[in-house]
Amino acid sequence: MSRHDHDLTSEKPLTRLVRSGRDGAVTGPFVNPPVVHASTVLFETADDLLGGTQRYVYGRRGTPTIEALESAISEIEAAAGAVLCPSGLSAVSTALLSVLRSGDHLLMADNVYDPARSFATSVLERMGVETTFFEPTVGAAISGLFRPNTRAVYLESPGSLTFEVSDIPAIVAAARARDAFVLADNTWATPYFFKPLAHGVDLSIQAGTKYLCGHSDVMIGTIAANARALPMLKDTHGHLGLCVGPDDIYLTLRGMRTLGVRLDRQMQSALTIARWLSERNEVSRVLHPGLPSDPGHMLWKRDMTGSSGLFGVVPNDWSLDKVKAFLDGLRLFGLGFSWGGFESLAIIGRPRRTAGSWPAGDHIIRLQIGLEDTADLIGDLEASFARVSNLS
Ligand SMILES: *Cc1c(COP(=O)(O)O)cnc(C)c1O
């Protein structure tokens with residue numbers, strides 16, 4: 001224990017982001033951990049090789065670089081432990097595979113990231129797991145959807161395309177009463193604004209590709225677990241042989257140090273732009289739980305400490321051609337998938353629903369607000385509105 005190592009449980013979120021995962025015993029006097037490129041790890045003697053007591057044994061099984069990010073994630077998520085995966089989607093699939101067995105039933109929110117839905121209806125279905133999709137706003141009424149073999153509930157709040165907020169404590173209470181696991185994709189809020197495990201969720205998933213890394217140059221996923229789920233998570237993650245390259249881990253850890261200042265700034269800028277958009281007559285609805293008019297606002301305010309820079313805009317009765325022309329007219333917003341980086345982006349989203357219907361229009365313009373000047377971004381949107389004003 002040196003003066004640099006101390007218990008972080010009383011520290012505020014910004015301090016935690018800066019201090020977590022910095023083990024002096026590994027890094028020595030350096031601020032950042034070594035980037036260890038390794039498959040083979042050498043042992044001093046044949047006894048050591050067989051002994052099973054050496055701290056590092058094989059690249060995939062742990063290095064100082066892996067440990068630095070795993071322990072940082074564990075600390076910022078207030079978790080019993082965490083694992084790293086080579087993409088956000090592999091974190092989703094690994095978390096699901098950790099708790100599900102053949103013959104189980106899964107409850108999945110209808111607003112989840114589309115590839116998570118596809119994983120359930122393809123691989124999980126083939127493995128004998130049946131999935132029922134539920135309305136993300138179901139709340140305590142989820143009780144009625146449980147079957148004797150319901151093993152897990154998977155949700156994403158707010159959903160990253162349609163932005164409904166789920167009542168996580170109510171869903172957790174219903175699941176706990178039946179001994180089911182709750183898995184949450186928390187990529188939108190990040191642990192900086194919401195800690196799923198503190199609200200009773202068992203496995204908290206992040207596409208670290210987004211805000212954690214924050215610079216649009218890494219694919220990575222993280223899963224943090226409470227004590228109940230950690231042994232199953234570690235076991236499945238180990239059997240699947242997942243590991244992440246050291247440079248990507250390093251970049252993610254480096255991005256994490258500035259997560260708080262980036263998100264504080266992106267929250268303010270996104271709220272300003274969302275408010276501006278909600279007053280435009282080209283817009284029928286802005287999907288952003290941080291706006292008091294949003295149906296999810298009260299739940300968001302109760303459970304989360306902030307909102308990130310991703311939200312949706314439903315245009316007022318626009319044809320697809322007009323939506324496309326609007327996007328084509330943008331200069332500062334890039335057109336591209338993913339989000340959470342320093343640059344602003346726009347995509348056209350089409351919600352896919354099976355539990356109910358999506359009431360608010362076929363095309364959602366999803367905006368990721370980056371770190372550019374807010375007034376410049378509004379100017380870009382305003383110029384594109386003007387360019388398409390004569391289209392229908
Ligand atoms: C992008 C995303 C993922 C998948 O992450 P990848 O790193 O692209 O595989 C999962 N969940 C959400 C909410 C996402 O936005």
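First listed ligand is number 1; within each ligand, the first listed atom is number 1. Here the structure is a predicted model, which means the values were calculated and not measured.
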**Q** Of the backbone atoms (N, CA, C, O) and the side-chain heavy atoms from C-beta on, which set of Trp339 has a member under 4.0 Å from an atom of ligand 1: side chain, backbone, both, or neither?
**A** side chain
**Q** Classify the side-chain pair His105/Thr150 by whether it contains a donor and acceptor separated by less than 3.5 Å.
**A** yes
**Q** Looking at ligand 1, does any of its N/O atoms fall within less than 3.5 Å of an N/O of Gly88?
**A** yes
**Q** If the cut-off is 4.0 Å to any non-hydrogen atom of Glu156, which atoms of ligand 1 fall inside it?
**A** 13 (C)
**Q** Please state which protein non-hydrogen atom is closest to atom 2 (C) of ligand 1 and give its distance, to 0.1 Å?
**A** Lys210 NZ, 2.4 Å
**Q** Of all the heavy atoms in Phe337, does at least one lie under 4.0 Å from an atom in ligand 1?
**A** no
**Q** Between the side chains of Arg262 and Thr258, is a donor N or O closer than 3.5 angstrom to an acceptor N or O?
**A** yes
**Q** With a cut-off of 4.0 Å, which atoms of ligand 1 are near a heavy atom of Met219?
**A** 6 (P), 7 (O), 8 (O)
**Q** Check whether any side-chain N or O of Asp167 sits under 3.5 Å from a backbone N or O of Val138 as a donor-acceptor pair, and report yes or no.
**A** no
**Q** Between Asn226 and Asp202, is any side-chain donor less than 3.5 angstrom from a side-chain acceptor?
**A** yes
**Q** Under 4.0 Å from any heavy atom of Leu89, which atoms of ligand 1 are there?
**A** 4 (C), 5 (O), 6 (P), 9 (O)
**Q** Is it true that the side chains of Ser204 and Glu77 contain a donor and an acceptor less than 3.5 Å apart?
**A** yes
**Q** Which atoms of ligand 1 sit under 4.0 Å from any heavy atom of Ala207?
**A** 2 (C), 3 (C), 4 (C), 5 (O), 10 (C)
**Q** Which atoms of ligand 1 are found less than 4.0 Å from any heavy atom of Thr209?
**A** 6 (P), 7 (O)
**Q** Pairing donors with acceptors under 3.5 angstrom, does anything connect the side chains of Thr272 and Ser269?
**A** no
**Q** Can a side-chain donor-acceptor contact be found between Ser160 and Arg366 if the only test is distance below 3.5 angstrom?
**A** no
**Q** Are more than 12 heavy atoms from other residues, nucleotides or ligands located less than 6.0 Å from atom CZ of Arg350?
**A** no
**Q** Is it the side chain, the backbone, both or neither of Asp185 that has a heavy atom closer than 4.0 Å to ligand 1?
**A** side chain
**Q** Looking only at heavy atoms of Ser160, does any of them come nearer than 4.0 Å to an atom of ligand 1?
**A** yes
